[in-house]
Amino acid sequence: MRKEYTTIREVVGPLVMVDGVDGVKYDELVEIKRNDGSDTRRGKVLEVNGDRALVQLFEGSQGLKISDSRAKFLGHSIELAVSPDMLGRVFDGMGRPKDGGAPLLPEKTLDINGSPMNPAARDYPNEFIQTGVSAIDGLNTLVRGQKLPVFSGSGLPHAQFAAQIARQAKVRGTNEPFAVVFAAVGITFEEADFFIEDFKRTGAIERTVTFVNLANDPAIERIATPRMAITAAEYLAYDLGMHVLVIITDITNYAEALREISAARKEVPGRRGYPGYLYTDLATMYERAGRIRGLPGSITMIPILSMPEDDITHPIPDLTGYITEGQIILSRELHRKGVTPPVNVLPSLSRLKDKGIGKGKTREDHADTMNQLFAAYSRGKEAKELAVILGDAALSEVDKLYAKFADEFETRYVSQGYNTNRSVEETLDIGWELLRILPRSELRRIRDAYLDKYYDRPAEE
């Protein structure tokens, strides 16, 4: 039986100080109750100093009376009830059903803080995941067990991009079970409604577990939401043997909540006011993705974050880039041109792309065409910049072909809309169509055998 304390001494905003406590632990859940039982609020322990515990309430402290309230420490941190019936359901940021459906009958309850994956037990990611988006599948390939963030900016269409990946992603050529866990962190009601309706309209909701934390929900709940999603993913992957794609949007809102709580605890701030442990905190989430040797399931993660002022050196994208295996960058310039999705392929990078492509995974010519497309697009961009400064007359005939290639590449390869789901073969074939703009002698990064097989093939084939 857990002890109850009537020694609540102070309430400041969502923070409550309880004196004379014994055996209380950091992160432990707390119930603050009115003596007559008419009002119960939950919170968690932020700090323990001797016999004093600082508690942050989830619902806020408005209307709370110290004189007739008592605190009960529950002896465990936040937990999530899990079961195979989670698929197709929508939960709030604390794991409570919010779709009007029946309560979940849990198979077990799991601590959302989880435990870090043993590095020695990790299996190397090397299997292709098809997202249906050419800019990812063709050039920055996603593999099972990878962490590949999307760096966006305010006002850019990362919500549509996230919904497209969640809808279209699949493991090719197998009957292995695949699921998506989608966590919306600190978003508006309209955005949340967009995601849920999109998943329902396309039928993707049947294989999706959705967690929604709205912008007006408490900051402390925002800290829990991504961990709820990852805990659900761990259950689906390692207990049920599924391949799980975790999409979290927006990590920036999570980091802002972390800063708010750190300020409430009067901690010494680090860069831009974020707590000094921001790197460690993000790593405890990101590093729960991966594959475990000997287990069939996997967790692949796509965290989405909006860079404040489009600054890639801001602490959130900067630290995320250190922990994850690459990044997909959305471009404001391409967005203005009407390219959808506006993926800027040159600074984007998937560090594991070489491991998930080639014969038996995608197609034999994938690596060579990928390198050639990167090189040709880069040179085409340079040619266009030169034309702006010196005029078209300054360009050689070959430079003009490269400039034409860059324009066609953006409009036909990168820009595909949010409802087009391309197979990797379609993506590779479009790449070859674009490479035919250039003379064969310019394609120095592709082996002659592949040029004979694909470049010289009639375009209508």
Task: More than 12 heavy atoms of other groups within 6.0 Å of Arg332 CZ - done: yes

Open item on the list: Show, in sequence, the C-alpha distance, side-chain angles and deciding distance for Tyr254 and Asp281, and conclude whether the side-chain hydrogen bond (donor to acceptor under 3.5 Å, both in side chains) test is met.
Closed with: CA-CA 11 Å; Tyr254 170 85; Asp281 191 275; 2.3 Å; yes

Task: Geometric class of the Phe409/Tyr377 ring pair [parallel <30°, tilted 30-60°, perpendicular >60°] - done: tilted

TODO: Please determine, by modelled atom types, if Asp318 and Thr313 share a side-chain donor-acceptor pair under 3.5 angstrom.
DONE: no

Open item on the list: If you compare all heavy atoms of Leu245 against all heavy atoms of Ala169, which two are closest, and at what distance to 0.1 Å?
Closed with: CD2-CB, 3.6 Å

TODO: Might you point out which heavy atoms bring Pro97 and Arg89 nearest each other, and give the distance in Å?
DONE: CB-NH2, 3.5 Å

Task: Atom pair CG (Asp407) and CZ (Phe405), whose distance is rounded to the nearest 0.5 Å - done: 11.0 Å

Open item on the list: Using a 6.0 Å cut-off, check whether atom NZ of Lys384 has over 12 heavy atoms from anything other than its own residue.
Closed with: yes

Open item on the list: Before you tell me yes or no, could you show the steps for Tyr455 and Leu438 under side-chain contact (heavy atoms from CB on, under 4.5 Å), namely the whole-Å CA-CA distance, both residues' side-chain angles and the distance that decides it to 0.1 Å?
Closed with: CA-CA 10 Å; Tyr455 181 85; Leu438 303 171; 5.8 Å; no

Open item on the list: Please evaluate residues Lys44 and Ser77 with respect to the criterion side-chain contact (heavy atoms from CB on, under 4.5 Å), reporting the C-alpha separation (whole Å), side-chain torsions for both, the decisive distance (0.1 Å), and the verdict.
Closed with: CA-CA 8 Å; Lys44 75 169 186 175; Ser77 56; over 6 Å; no

- [ ] Give the C-alpha distance, both sets of side-chain angles, the deciding distance and a yes or no for side-chain contact (heavy atoms from CB on, under 4.5 Å) between Leu142 and Gln130.
- [x] CA-CA 7 Å; Leu142 179 67; Gln130 181 173 293; over 6 Å; no

- [ ] Could you pull out the closest heavy-atom pair between Leu373 and Gly431, with the gap in Å?
- [x] CD2-O, 4.0 Å

Open item on the list: Does any part of the side chain of Phe178, heavy atoms only, come nearer than 4.5 Å to the side chain of Met242, both counted from C-beta?
Closed with: no

Open item on the list: Can you confirm whether the side chains of Asp137 and Thr131 place a donor and an acceptor under 3.5 Å from each other?
Closed with: yes

- [ ] Side-chain contact test, heavy atoms from C-beta onward, threshold under 4.5 Å: evaluate it for Leu110 versus Glu79 and give yes or no.
- [x] no

Task: Lys361 NZ: over 12 foreign heavy atoms closer than 6.0 Å - done: yes

Open item on the list: Quiz question: by atom type and distance under 3.5 Å, do the side chains of Thr320 and Tyr286 form a donor-acceptor pair?
Closed with: yes

- [ ] Determine whether Leu258 and Ile223 make a side-chain contact, defined as any pair of heavy atoms from C-beta on separated by less than 4.5 Å.
- [x] yes

TODO: Return yes if a side-chain donor-acceptor contact under 3.5 Å exists between Thr231 and Arg288, otherwise no.
DONE: yes

- [ ] Run the numbers on Ser134 and Arg422 for side-chain hydrogen bond (donor to acceptor under 3.5 Å, both in side chains), then give the verdict.
- [x] CA-CA 7 Å; Ser134 292; Arg422 289 178 182 162; 2.8 Å; yes

Open item on the list: Using every non-hydrogen atom in the two residues, find where Phe151 and Pro317 come nearest and quote the distance to one decimal.
Closed with: CZ-O, 3.4 Å

- [ ] Apply ring pair (Phe, Tyr, Trp, His ring centres under 6.0 Å) to the pair Phe195 and Phe182, showing each step before the final yes or no.
- [x] CA-CA 9 Å; Phe195 285 120; Phe182 188 88; 4.5 Å; yes

TODO: Any chance you could lay out the salt bridge (Lys or Arg N to Asp or Glu O under 4.0 Å) test for Glu256 and Arg259, step after step, and finish with the verdict?
DONE: CA-CA 5 Å; Glu256 297 291 346; Arg259 179 164 68 175; 2.6 Å; yes

- [ ] Report yes if the side chains of Arg440 and Asp456 come closer than 4.5 Å at any heavy-atom pair, otherwise no.
- [x] yes

- [ ] Taking atom OH of Tyr277 as the centre, report whether more than 12 heavy atoms of other residues, nucleotides or ligands fall under 6.0 Å from it.
- [x] yes

Task: CG on Leu305 to CD1 on Ile251, rounded to 0.5 Å - done: 7.0 Å

- [ ] Check whether any side-chain heavy atom of Ile299 sits under 4.5 Å from a side-chain heavy atom of Leu236, and report yes or no.
- [x] no

Open item on the list: For Arg272, run the side-chain contact (heavy atoms from CB on, under 4.5 Å) check against Ile316, Leu278, Asp311 and tell me which one passes.
Closed with: Asp311

Open item on the list: Tell me the closest heavy-atom pair linking Leu148 and Leu349, and the distance in Å.
Closed with: CD1-O, 3.6 Å

- [ ] For residues Lys147 and Ile323, report the shortest heavy-atom separation together with the two atoms involved.
- [x] CE-O, 3.6 Å

Open item on the list: Quiz question: by atom type and distance under 3.5 Å, do the side chains of Arg227 and Thr284 form a donor-acceptor pair?
Closed with: yes

Open item on the list: Would Tyr274 and His314 count as a ring pair (Phe, Tyr, Trp, His ring centres under 6.0 Å) here? Give the steps.
Closed with: CA-CA 11 Å; Tyr274 293 96; His314 186 278; 5.5 Å; yes

Task: Trace of the salt bridge (Lys or Arg N to Asp or Glu O under 4.0 Å) decision for Arg445 with Asp368 - done: CA-CA 6 Å; Arg445 294 170 186 268; Asp368 287 12; over 6 Å; no

Open item on the list: As a quick check of understanding, evaluate salt bridge (Lys or Arg N to Asp or Glu O under 4.0 Å) for Arg447 and Asp365, giving each step before the final call.
Closed with: CA-CA 9 Å; Arg447 277 165 263 199; Asp365 59 312; over 6 Å; no

Open item on the list: Would Glu425 and Arg172 count as a salt bridge (Lys or Arg N to Asp or Glu O under 4.0 Å) here? Give the steps.
Closed with: CA-CA 12 Å; Glu425 289 80 11; Arg172 282 164 47 93; 2.9 Å; yes

Open item on the list: Tell me whether Glu408 is salt-bridged to Arg412, with the criterion being a basic N under 4.0 Å from an acidic carboxylate O.
Closed with: yes

Task: Distance-only polar pair, side chains of Thr300 and Gln146, donor-acceptor under 3.5 Å - done: no

Open item on the list: Quick check: do Leu435 and Glu442 have side-chain heavy atoms less than 4.5 Å from each other?
Closed with: no

Task: Spacing of OG belonging to Ser350 relative to CG belonging to Leu139, to within rounding of 0.5 Å - done: 10.5 Å

Open item on the list: Would Tyr418 and Val133 count as a side-chain contact (heavy atoms from CB on, under 4.5 Å) here? Give the steps.
Closed with: CA-CA 9 Å; Tyr418 296 111; Val133 178; over 6 Å; no

Task: Distance, nearest 0.5 Å, that separates CD of Glu206 from NZ of Lys200 - done: 10.5 Å

- [ ] Evaluate side-chain hydrogen bond (donor to acceptor under 3.5 Å, both in side chains) for Arg351 paired with Thr324, printing each intermediate quantity in order.
- [x] CA-CA 9 Å; Arg351 292 192 181 97; Thr324 55; 5.3 Å; no

TODO: Could you tell me the separation between the CG atom of Leu156 and the CD1 atom of Ile329, rounded to the nearest 0.5 Å?
DONE: 12.0 Å

Task: Heavy-atom check, side chain of His335 versus side chain of Leu330, under 4.5 Å - done: no

Task: Interatomic spacing from CG in Leu240 to CG in Leu87 - rounded to 0.5 Å - done: 8.0 Å

Open item on the list: Checking the side chain of Ser378 only, and the main-chain atoms of Phe374 only, is there a donor and an acceptor separated by less than 3.5 Å?
Closed with: no

Open item on the list: If you define the side chain from C-beta out and look only at heavy atoms, does anything of Val414 sit under 4.5 Å from Val345?
Closed with: yes

Task: Verdict with reasoning, Ser348 to Asn140, per side-chain hydrogen bond (donor to acceptor under 3.5 Å, both in side chains) - done: CA-CA 7 Å; Ser348 295; Asn140 293 291; 4.7 Å; no

